[in-house]
Amino acid sequence: MLFNCHTHSAHSHDAQAAIADLCETALKEGMAGFAVTDHCDCECADDPNAFSSLMDSYEDCRFYKKQYEDRLVIACGVEIGEALYDPSFAAKVIGARPWDVVLGSVHAVRFPGWEMPFSLIDFTAFSDEFIRSYLHVYFDDLKEMALTQDFDVLCHLTVPLRYICGKYGRRVDIEEYDGKIDEILKIVVDRDKTLEINTSGCTAERSLFMPDEAILDRYLAMGGSSLTVGSDAHTADRLANGLEQAQVMLKNRGITQLTYYLNRSPLSYSIE
Ligand SMILES: [Zn+2]
Ligand SMILES: [Zn+2]
């Protein structure tokens, strides 16, 4: 069974997928279902459409949830980004609808002068020292978010590395952050939250997960057992990207159950 807990529809500023197309792709791929989790980027809470576009996402998702109820499980969720920028806006969005799942993410860190999303920062010319400090702030922000904010699934842990290392070719010594990463994992376990295995970096040739297997193994070793898999699709053709690769990787670790959410309650499904 394949279930994708993290997708974006055209109600996200950076995505194009019509929910109808996500549904048809899910059927074609033989998937059991997916969650629509459009962006709530709290640094953009002042945008007059920020709130209404999420309510539109919810209504649109509800329509297709009903339409496909005998063929697919569709969860209507939201991805709360950088809730620390505006915790009251995050709480208002979460409280406004009976979401099935709330993802907790950080895409922009509270680094003075560089508070914009890291996808918009060119890391080419920064000193190694700047990048080190920047990453420390990312992990600090993610930790504070994990500790203080309302969410179900902690998403794409280590995602700035995709830009800093993947896009701009900078070298980062990830071990420097192991202590902070472990503190975040411990919070996920202690608060009974779920860790996402994000498969957006997977291609036909390579399996690249966020977080990576070393971090996943530490999560499992400290008693973490709840995991979702999400492709973070922004277009329908990416819906199933990496889901099977993730299941193979997880099965190799003896994992037989994964999690999805309805009514903000975790439910498990077998991958045996
Ligand atoms: Zn995200
Ligand atoms: Zn996302």
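Start at 1 and go down the list; that is how both ligands and their atoms are numbered. Small disclaimer: the values here were computed from a predicted structure and weren't measured. Reckoned from all heavy atoms, side chains included, excluding hydrogens, waters and symmetry mates.
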With rounding to the nearest 0.5 angstrom, report the CG to NZ distance, Asp86 to Lys92. 9.5 Å
For Phe34 together with Tyr260, are the ring centres under 6.0 Å from each other? no
Please enumerate all residues that pass side chain to side chain donor-acceptor pair (under 3.5 Å) together with Asp178, with sequence neighbours excluded. Arg218
With Arg264, which residues qualify under side-chain contact (heavy atoms from CB on, under 4.5 Å), at least two apart? Ile94, Val102, Asp150, Asp152
Sequence neighbours excluded, which residues qualify as side-chain contact (heavy atoms from CB on, under 4.5 Å) partners of Glu244? Leu2
Output, by chain and residue number, all protein N/O/S atoms separated from the Zn ion (ligand 1) by less than 2.8 Å. Glu79 OE2, His107 NE2, His156 NE2
Quick one: do the Glu79 and Thr37 side chains pair a donor with an acceptor below 3.5 Å? no
